[in-house]
> 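Next up is a structure, given as structure tokens.
Throughout, protein chains are lettered first and strands after them, A, B, ... in sequence-line order, and every chain is numbered starting at 1.
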Amino acid sequence: ETPWFPMKVYDASSGTPKPAEYTPLPKAEKPYKLCVLFPHMKDSFWVAVAYGIVKQAETMNVNMTLYEAGGYENLPKQLSQFDDCMASGADAIIVGAISGAGLSKKFEEAKAKGVPVVGVANPLPPNALPAAIYVDFVAMGGVTGEGLLAQAKPDAKLNIVTFPGPAGSGWAESFNEGFKKAVAKNPNAKVLAEKFGDSGVAVQLQLIQDALQAYPGMNVIWGTAPTAEAAIGAVAEAGRSDMKIMSSYENQAMLDALNRGDVLAFATQYPVGEGAVSVDQAVRLIEKKPVMSLAQPLASAVDKTTVPKLQMGLVLAPGSWKPVYSVKAK
Amino acid sequence: MSDLELSVAAKDTGQTRRLPAEWLWSAMLPIALVVLLLGFAAVDSRVLSPANLLNIAQQTSYLALFAMAQTVVILTRGFDLALGPTVSMVSVGTALAMAGATASGHDTTTVLLAGLGAGFGLGIACGLFNGVVIALLGVNPFVATLGSYNIAIGVATTLSAGRPVQGVPGTFSQIFYGGNIFGVPAAIAITVAIGIVLQLMLARTVFGRSLYIIGTNPRAAAVAGLPVKRILVLTYVLCSALAALGAIMMTARTGSGEPNLGGSLSLQAIAGAVVGGTSLAGGRGGVGTAVLGALFVTILSNGMNLTRIDGYVQMVVLGAIVIIGVLLDRLRLERRQ
Amino acid sequence: MDVDIDLKQTGPLLALRGISKRFTGVRALDRVDLDVRAGELHVLFGENGAGKSTLINVVSGTFPPDEGTFHFGGEEIRHLTPQRARAIGISPVFQEFSLVPSLTVEENLFLGREVSSSGVLRAREMRKRARALIDELGFDLDPSQRVDDLSRAHQQMTEIAKALLGRVRLLILDEPTASLTERETGRLFELIARLKSQNVGLIYVSHRMREIRALADRVTVLRDGRHIRTLNAATSTDGELVELMTGRKIDLLFPTIAHKPDKVMVDVENLTLTDGSVRDVNFYAQAGEITGIAGLVGCGKSELIRAIYGLEPMASGVVRIDGLRYEFPTPRRSLKHGIAYFPANRIAEGLALSRPIRENASMTGLDLPAFARFGVLRQAAERITIAGIMEQLQLRPPNIERAAGALSGGNRQKVMLGRALTRELTVFLFDEPSVGIDVGAKLEVYEFMKRLVEAGAAVIVVSSELPEVLALSNRLYVMHHGRIAAELKGAEKTEQNVLASFFRDHLAAEVA
Amino acid sequence: MSTALTATQPRTSTGSGRSIAGWIGLLPALLVALVAGMSAIDPQFYGIINILNILRNASFLAIVACGQALVIIAGGFDLSVGAVVALASVVTAKTMAAAAVAFPGNNALIIASGVAAGLGCGLLVGLVNGFCVAKLKVSGFVVTLGTMSATAGVGLMITSGIPVYGMPEAFVKGFGRAQVLGLPTAVYLALAVILVTMFAQRRTLFGRYVYAIGGNVDAAVVSGVSIQRHIVGTYVLSSVLAALAGILLTAQVGSGQASFGGDRMMLQSIAAAVIGGVSLRGGVGRVEIVAISALFLTILGNALNLLHIDSRLQPVFLGVIMVAAVALDELSRRRKSRV
Ligand SMILES: Nc1ncnc2c1ncn2[C@@H]1O[C@H](COP(=O)(O)OP(=O)(O)OP(=O)(O)O)[C@@H](O)[C@H]1O
Ligand SMILES: Nc1ncnc2c1ncn2[C@@H]1O[C@H](COP(=O)(O)OP(=O)(O)OP(=O)(O)O)[C@@H](O)[C@H]1O
Ligand SMILES: [Mg+2]
Ligand SMILES: [Mg+2]
């Protein structure tokens, strides 16, 4: 197994991101109790974050309990789980927020009670928490846009339809915004339409099939990982070998597809690393040690040329790993 | 099948004398609740800590409010699938109105009134739509509220552009979330107050009486001269208005307007009502069943969270318990004769 | 007990001994004995709730008895199921129909006994057999019609035909004539005679003395779930039967009503309904008299009064109430105008069965200050008022907090009647007021009407039971084909004349 | 002609209540109008690929809706279909992946075991639903609400939500994405399901009893129909058909996904049934109209996309059109209504 640390991040504590290396503490002083909240555990992205958290918790010898809310539509459930975490006497809480804005009152309550909270993977309003690690989703969307422009011939016409994900989820909108901003730099690139929809393969497939009909000129499909996964088959069936497919985030299917040449590129934010860092940030907060208050992984677009250099250990959990919902300290 | 259920219910009114064993049966669900709570406490004593009990009460208050809203329409043999999206829409609308009012420099009272007005306005509009389509056009409640479900989702995401709406003033949250009445947190106080008002309404007013009669036999109600259509429209408006109140409370809790706030609330609220003993065949249920059901669901998931049961296992357990809960309720009804 | 001794060599077709059946809280049957011979029509007679239907359900395998023995054709039968009962030749015609409304007549006839080969229906054969059966019975039934499109009378015919499909040794008829008029009743009686001659045993339940007189060989009287006596019909009198049944003496079946016709309360001019069931009807009803409406099944008599109350859409015509034109009637407005309607179908249109009697009785008065102020119920006042009304109507048991569904048929009717006393009313529309209620309860309903007219109300009675309308009404309209065929008063008001106006038209049509 | 007899003739002769239009409703007409309108507006609509896509997607929905319709006709409700679609998908994929390791190259065996496992899941969930409804007499709504949660939980437990790969290419290319005589395999399967269900509804004891039970349970009981067996039957069929749809989706997409189905599939299948004239009170409904309604809903979604309607506003259109369609249908039927 490749060592994760030191991990390259931006230190955005001061507002302007500066390149830095993140190195965690070797051990926690006591077996603290960490409570972790996820929006869900229904895709390999969150499994990867969980993997990072579990491994780091084991390494640092802290207790960890993880709750998932069952999906992005369950903000009320995450709010309740946050309360349950506080009621169960956690020393710190790590949150993959369904909605950063939606949890802000909870953050204030935790602060009032002196329970440190760390944000992981999902964006938060500025200075909402004493520590967090997440990429700027708008920036990450931008990375994929730039990746696309870099891959395309300068004079080639790019007719893009975006499939950002579920409307109202926040992250889909942010990805989409960043992507559109980036591609707007090239006058040859045009966004024909934005098709929001649940990020399941079945729903995305139907959207793509319809888009293939509605926008015959479309030659770039940009969207969620399930979008790309669904697009591969639909595009092959429609005989559109000229179609470029890009995904705004990573999963095992994207990696395989990239290796097969079915997708052009995908973006990654190193979710395993994010999980691991969040545990260290939580421990530092508990122990009142200096902490990087906003770490941002270096989001990058992964394509055929960069994939050999990719530090896989920070991107995906091993295929054999099963999610674990709690860790007991020794 | 519904008639069987009704005739079962029919036999037990007017029964006054009860043996201790029968009393036990009639208190089935509350007893199951206590047992559940003690069971969880045996695994983790913190379940019974005052902090957690308050926590449970607070969590229950939201779900209970929504379950009460559903109960009102379920009493008339309907249900409201659009409740969840209505909550999302109201949340966004309230937040947008308040942000807008703040931006144009109004004072706090005006801002709050603008928010409440927008929230209840949207909620009541949604209820009117449901009521008119169901009562006057004769569309069945499933299709009608599935229609408004879609419409409300569309409106919520379009208004908010899919992002949380910021700019909810602090006072709003302080009143509807942070506030308390004699030390009771606002959410609990509001729900208790609404529960009492609703209970009085169901038991003591012509409107409440009409709901039960319409749910039991709509044709007889019409022949007896009750204004069935008008009452049905009012019922859906009341349901959506309660949903709007819940949405406003939850918006205060989150501090932002959330286009996804109500996601899966519709089914949860129906489940809460039904687990508590409200009959989908109409005419049976009330504030008590809604609160009981909401408590049951909340205690179950709180207990499983505190005793660290895995997320997916929780789903399986929840499914099994819902069935068992309703099975017990049926046995109880059969016993009570 | 004096069950008379069976003199025939062969034992009875059906022999029940010591049958008990308990429902939660009630003992519906208490050690009942019953013998039915082949070729005999055996009447079960008793008040509402005496246990007649329960006994029939036991015989037809729907309810297992709690105790007692059951012999059929000399064999002891245990664990009877509906299927088994049909297989051995026991065919019930239930009081509450056992028809599926969304299926056709033919599908209902064969329900549970479809002709099929390995799960696939043989439709043609069933169609043929259904036709043959209906023709043989002489009913005007179309096998391909959906049951919920049929009138109640046709549903009753379907139910009877269903029972006669296949081999029948014991036919059970639970109030089969409750919704039939003279003509169908006549057909049914012919059929019964034919079956008796074929040595089929019959159990027959009815509250109509005339039928019992006409048909019965023996009568078994039940009271409170107990067997009181089995008598030979030929040697017993009506008075005797009624006394055995109720435990008290009832002399008169119909009260003498002093009609004092006053001003015209209901005046209908050229009324036509959108569905065409009533066409160009002119009629009026005066305060202080009972106006009767008789007619064959489907002639539109119910629709006429339902339209006045606001339950059937009108196409044209004028209705005047107390001299003022009444347009666009709805039930609510009708009540405000002082018009009350008592539906024939008390279960479907009358009562909310699982709600208390109190709520059922006060349902029509909730808009009055006596029951509610500013939408808030005055529960104490309600309780006192309804308890008073129900006491006046002698509700049994007198507890107004019981569910209406727990009452017997007659008492349900009393709850309906109680509504009339909750508010000021001037016009009373009764649709089949005595359907399914026992002799004692009928008398009470008639007494109720008598009090109403004598207090100056206008009462309109629609009934398929000819003796009833003849005896009660001051003036009687006969309807036919949605039109008024005759108006009979005083001495013209005879059964002969009514039947004549039914059939005169028939003859005329046949000639044409 | 003797008019005398009409005195006792059943009442419907007067109203047009159950005329042809009343019987099949307005839906086919609406469907034709939609297709005609779309074809006039956008030639892409009747492009062959678009038609194939529509037919395939409608097939998935129609298969699930057929089962759902049977349950509703018998007086029940099946909320668990979406979860079963998902569970069958992941179980099929897992089984095939495992079988592919155990018996490399033996495609027939691998596919057969996967399909059997997937359908087996459906059977199991259906039996649990049927048992709880028929034997324990818990209301169908609640039972399937419970099994929906439990089934979805099991599906996620098995996979952690991560797509399952490793199915043989033959299953995906030769079945899921294959076309026979120019039509996707799913369309043939859906047609077969619809035809068989139509036959069952009209010509078999099972179909007849399903109507009878939904129409009037008490009547069915006293007529000697065994209620429990047939109720269990409807739930089993519904779950097995949902599993079939799950397997077809899996074959088409090429991976087992716990995200298939969900609330969406459940709501859509009930909507298809109800819009297709199945009464939620039971006893009424024809599966061919349900299939038309599934097609209608699918085309509606496709049309909104082809018309370039903002995807955030699409639900608004969908909701309004759905309600309007049913309201029109209702008003056209209302002639003979009373009260
Ligand atoms: N399914 C049931 N559950 C509980 N009690 C019942 C049930 N069926 C009948 N009873 C009760 O049993 C008693 C006998 O009822 P039954 O229907 O046999 O009367 P009946 O003689 O047929 O009366 P009617 O003349 O009104 O038809 C009544 O007190 C009735 O309330
Ligand atoms: N399909 C039906 N379902 C339920 N109740 C029905 C049905 N058809 C008729 N009824 C009710 O049963 C009662 C008897 O009605 P039926 O159709 O036999 O005609 P009727 O009332 O005798 O006809 P009319 O009074 O027009 O001569 C009526 O009160 C009617 O409302
Ligand atoms: Mg009876
Ligand atoms: Mg009549």
> Measure distances from Glu177(A) to the heavy atoms of chain B and classify the residue's part below 4.5 Å as side chain, backbone, both or neither.
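The side chain, not the backbone.
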> Need one label for Thr65(A): side chain, backbone, both or neither, based on atoms under 4.5 Å from any heavy atom in chain B.
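Just the side chain, heavy atoms under 4.5 Å.
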> Can you tell me which portion of Met86(A) sits under 4.5 Å from chain B's heavy atoms? Options are side chain, backbone, both or neither.
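The answer is neither part of Met86(A).
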> Taking every heavy-atom pair that is under 4.5 Å apart, which of Asn52(B), Asn55(B), Asp44(B) has the most such pairs with chain A?
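The option with the most such pairs is Asn55(B).
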> If you tally heavy-atom pairs under 4.5 Å against chain B, which of Ser99(A), Gly71(A), Cys35(A), Ser326(A) wins?
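When all of Ser99(A), Gly71(A), Cys35(A), Ser326(A) are compared, Ser99(A) has the most.
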> So which of Lys77(A), Lys105(A), Gln81(A) has the biggest tally of heavy-atom pairs under 4.5 Å with chain B?
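Highest number of pairs under 4.5 Å: Lys105(A).
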> Side chain, backbone, both or neither: which part of Glu173(A) has a non-hydrogen atom closer than 4.5 Å to chain B?
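Contact with chain B involves both backbone and side-chain atoms of Glu173(A).
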> What part of Ser160(B) is in contact with chain A, defined as an atom under 4.5 angstrom from a non-hydrogen atom: side chain, backbone, both or neither?
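Neither; nothing under 4.5 Å.
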> Look at Lys180(A) together with Glu194(A) and state whether they make a salt bridge at an N to O cut-off of under 4.0 Å.
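Judged by the 4.0 Å cut-off on N to carboxylate O distance, Lys180(A) and Glu194(A) do form a salt bridge.
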> Is there a side-chain contact between Tyr67(A) and Val36(A) (heavy atoms, below 4.5 Å)?
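Tyr67(A) does not reach Val36(A) side chain to side chain.
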> Which atoms of Tyr62(B) come close to chain A, meaning under 4.5 Å heavy atom to heavy atom: side chain ones, backbone ones, both, or neither?
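Tyr62(B) has no heavy atom closer than 4.5 Å to chain A.
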> For Asp91(A), is there an ion pair with Lys30(A) - N to carboxylate O distance below 4.0 angstrom?
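No, no charged N to carboxylate O under 4.0 Å.
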> Below 4.5 Å, heavy-atom pairs only: which of Pro323(A), Pro166(A), Gly89(A), Ser88(A) has the largest tally toward chain B?
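Answer, by heavy-atom pair count under 4.5 Å with chain B: Ser88(A).
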> Go through Gly84(B), Ser49(B), Ala161(B) and name the one with the most non-hydrogen pairs under 4.5 angstrom from chain A.
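Option with the top pair count is Ala161(B).
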> Among Phe38(A), Tyr325(A), Phe196(A), which residue has the highest count of heavy-atom pairs closer than 4.5 Å to chain B?
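Sorted descending by pairs with chain B, the first entry is Tyr325(A).
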> Examine the side chains of Asn302(B) and Gln59(B) and answer whether a donor and an acceptor come within less than 3.5 Å of each other.
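Note: Asn302(B) and Gln59(B) side chains miss the donor-acceptor criterion.
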> Would you please test Glu108(A) and Lys111(A) for salt bridge (charged side-chain N to carboxylate O under 4.0 Å, His left out) and show each step?
CA-CA 5 Å; Glu108(A) 285 167 21; Lys111(A) 190 171 170 190; over 6 Å; no
> Thr224(A) and Thr227(A): side-chain donor and acceptor closer than 3.5 Å?
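The criterion, which ignores hydrogens and geometry beyond distance, is satisfied for Thr227(A) and Thr224(A).
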> Taking atom types as modelled and ignoring hydrogens, do the side chains of Thr251(B) and Ser91(B) form a donor-acceptor contact shorter than 3.5 angstrom?
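Side chains of Thr251(B) and Ser91(B): pair found under 3.5 Å.
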> So what's closer than 4.5 Å to chain B heavy atoms on Lys42(A): side chain, backbone, both or neither?
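Answer is both: backbone and side chain atoms of Lys42(A) are under 4.5 Å from chain B.
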> Looking at chain B, which one of Ser174(A), Ala101(A), Gly170(A) has the largest number of heavy-atom pairs inside 4.5 Å, strictly under?
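Between Ser174(A), Ala101(A), Gly170(A), the count favours Ala101(A).
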> In terms of side-chain heavy atoms, does Tyr249(A) have a donor or acceptor partner in Asp43(A) at a distance below 3.5 Å?
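There is no such pair (donor and acceptor under 3.5 Å, judged by atom type) between the side chains of Tyr249(A) and Asp43(A).
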> Begin from the C-alpha positions of Arg253(B) and Asp83(A) and carry the test salt bridge (charged side-chain N to carboxylate O under 4.0 Å, His left out) through to its verdict.
CA-CA 12 Å; Arg253(B) 188 187 187 197; Asp83(A) 290 335; 3.1 Å; yes
> Out of Pro125(A), Ala87(A), Gly70(A), Ala69(A), which one racks up the most heavy-atom pairs below 4.5 Å with chain B?
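Maximum pair count with chain B is reached by Ala87(A).
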> Taking side chain as everything from C-beta outward and backbone as N, CA, C, O, which of these in Thr254(B) sits under 4.5 Å from a heavy atom of chain A? Side chain, backbone, both or neither.
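It is both, since atoms from each part get that close.
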> Any non-hydrogen side-chain atom of Phe175(A) less than 4.5 Å from a side-chain atom of Trp222(A)?
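Touching, per the 4.5 Å side-chain cut-off.
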